[in-house]
Amino acid sequence: MKTAAYYNCMKHLIIFIMLLPLAFPLSAKGDFFRGIDVTSDTKVSVSSQKPDTTKMKFSLGAKLKCKNLTASVQASVPATRVFTGENPFAQWPDFKWNISWTAIPRKLPVTAQLNAGKLQIQGTVSRLRSPVPPQASSLTKQGIPLQTIGISSSVKAPLAASLSLQGTSPVTALPTLQGAVNCNGELFFAAAHSFFPTDDISIKAGASIAMFKYGRPVTSVWKMKTRPYSIQNLWAAELSASLSSSFLNVFAAWEIYQSPFGANYQCGRFQSSLAIKSFSLNAGFFISDPALIASGGSTPLTVFQAQLCPGFIFNLGSICIKTGLSGLYALKVKDSIKFIPYENISIKWENSISGKKSSAAIGASILWNGAKQNLSVQAQGNYRHTFKVLTSSTSLSAKWQEESFSTSLSQSVYPKQGIVNQAQAGFTLSTRKADPPAVKVQSSVTLKKQWNKASLTARFGMDFTL
């Protein structure tokens with residue numbers, strides 16, 4: 001009996017096969033074939049206490065690169081128990097695929113790009129889904145976030161198509177226009193335009209609007225963080241502006257969301273990055289309606305957030321030393337029903353030193369979680385050295401939290417020649433309350449073979465839990 005997974009698999013495979021030859025004539029002029037990359041990934045998970053739960057995952061993919069055309073497809077077999085007689089290849093695999101075609105009309109100063117497949121819409125749309133900015137680093141100058149739509153392929157993403165129109169020159173008077181639609185009936189549109197007052201300064205303004213389909217079913221009352229609501233189409237929009245120069249980056253955005261309860265939610269963010277000689281400063285803040293329901297149904301529950309990240313760079317000949325602090329304060333609420341406030345505070349100390357062949361980084365962080373009323377401390381370090389025949393990287397981290405502790409060690413090597421591209425091994429030790437310690441050993445090897453216009457990459461990994 002053919003299952004729904006079978007029909008879903010065949011649907012995506014047929015659509016991909018139909019669209020691929022249709023795109024070939026559009027790119028068949030001149031040097032058509034540019035290359036093909038084939039990848040595979042096999043992972044086995046073993047438990048010494050429950051050997052019968054040993055599972056294996058497998059994926060196989062290919063990426064075809066042609067003139068003005070890129071097509072990729074990947075099939076993934078879900079994790080399957082090996083020693084129970086279950087055939088891992090008995091299930092129909094999950095597919096993800098994407099066809100991207102780029103055209104430059106002869107008489108128009110624009111570049112058109114068309115994408116079709118199982119597409120995850122990102123960029124400015126990702127901010128509408130997750131508006132709270134992450135904690136910044138003090139060691140690098142913060143860049144300008146993407147003010148247009150980004151595209152990636154995902155197994156869990158729905159079928160979608162997108163179109164992008166962009167001027168062929170950065171100084172063109174034409175803005176960048178992008179639109180996308182998926183089979184769930186969700187719509188996305190973004191527009192952005194850049195201005196160049198001087199050779200050193202660029203200003204960019206952007207706007208996006210999207211229609212998302214989501215809802216929140218009724219659950220146990222004591223678990224609810226927001227009121228339930230039916231699945232429906234809800235819109236969201238963002239206006240953004242940025243300024244970029246050799247020593248200063250500034251970004252500001254304002255977002256508005258339609259509420260399923262008849263009102264609108266708003267939030268805004270501002271972030272800046274300053275670099276003057278050996279001193280750098282990343283700073284920013286975020287302010288939001290505490291009842292905000294972001295696109296997709298997530299609830300940030302953040303009223304206010306501010307961060308300040310000063311850093312220093314010292315160049316001593318061929319040696320570069322960086323050091324800095326990253327501090328974040330957040331005022332949050334436990335739910336959007338009773339609005340019980342609490343505070344989170346995070347402080348990170350970051351350091352790095354790099355030379356011609358070696359680099360090292362060490363840091364520590366402290367996080368106070370006001371909701372759980374507990375403190376967690378984490379420390380990590382990394383050392384990387386380039387030898388004549390390979391590059392070695394060693395990482396060590398430890399985390400302490402109330403009544404729990406975990407530490408991990410990882411060693412990776414990257415040979416410069418041969419079929420082995422990367423080999424990695426490591427372990428994680430964790431303890432919690434009165435439970436016995438848990439040890440997890442991980443290892444993997446990546447093999448890669450390169451030909452003129454083709455490459456084959458195969459990764460094999462194993463996790464062993466003691």
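Side chains included, hydrogens not; waters and symmetry mates left out as well; all remaining heavy atoms used. Quick caveat, the model's predicted, so the values are computed rather than measured. Each residue takes its place number in the sequence, starting with 1.
Using modelled atom types and a 3.5 Å distance limit, the side chains of S59 and D41 yield no donor-acceptor pair. Side-chain atoms of T102 and N68 form no donor-acceptor pair, as typed in the model, at a separation below 3.5 Å. Of the N and O atoms on the side chains of Q74 and S76, at least one donor lies less than 3.5 Å from an acceptor on the other residue.
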Could you list the donor-acceptor pairs under 3.5 angstrom formed between side-chain atoms of residues 174-192 and any protein atom two or more places apart in sequence or on another chain?
residue, atom, partner, partner atom, Å
Q178, OE1, I149, N, 2.6
Q178, NE2, I149, O, 3.2
N182, OD1, N184, N, 3.0
N182, OD1, G185, N, 3.3
N182, OD1, E186, N, 3.0
N182, ND2, E186, OE1, 2.8
E186, OE2, K213, N, 2.9

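The aromatic rings of Y329 and F304 sit tilted relative to each other, their planes meeting at an angle between 30° and 60°. Ring geometry, H385 versus Y383: the interplanar angle falls under 30°, so the pair is classed parallel (tilted spans 30 to 60°).
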**Prompt:** Between F312 and F279, does a ring pair (Phe, Tyr, Trp, His ring centres under 6.0 Å) hold up when you go through it step by step?
**Reply:** CA-CA 5 Å; F312 295 89; F279 175 73; 5.4 Å; yes
**Message:** Pair S326, Q135 - check side-chain hydrogen bond (donor to acceptor under 3.5 Å, both in side chains), show working.
**Reply:** CA-CA 8 Å; S326 174; Q135 186 169 0; 3.0 Å; yes
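Looking at S397, S395, S410 one by one, the single match for side-chain hydrogen bond (donor to acceptor under 3.5 Å, both in side chains) with N382 turns out to be S395.
Taking the ring axis of F212 as reference, the NZ or CZ atom of R129 does not stay both within 45° of it and closer than 6.0 Å to the ring centre.
Listed by chain and number, the residues in a salt bridge (Lys or Arg N to Asp or Glu O under 4.0 Å) with K43 are D463 (sequence neighbours excluded).
The NZ atom of K65 lies 4.0 Å from the CG atom of D37; values are rounded to the nearest 0.5 Å.
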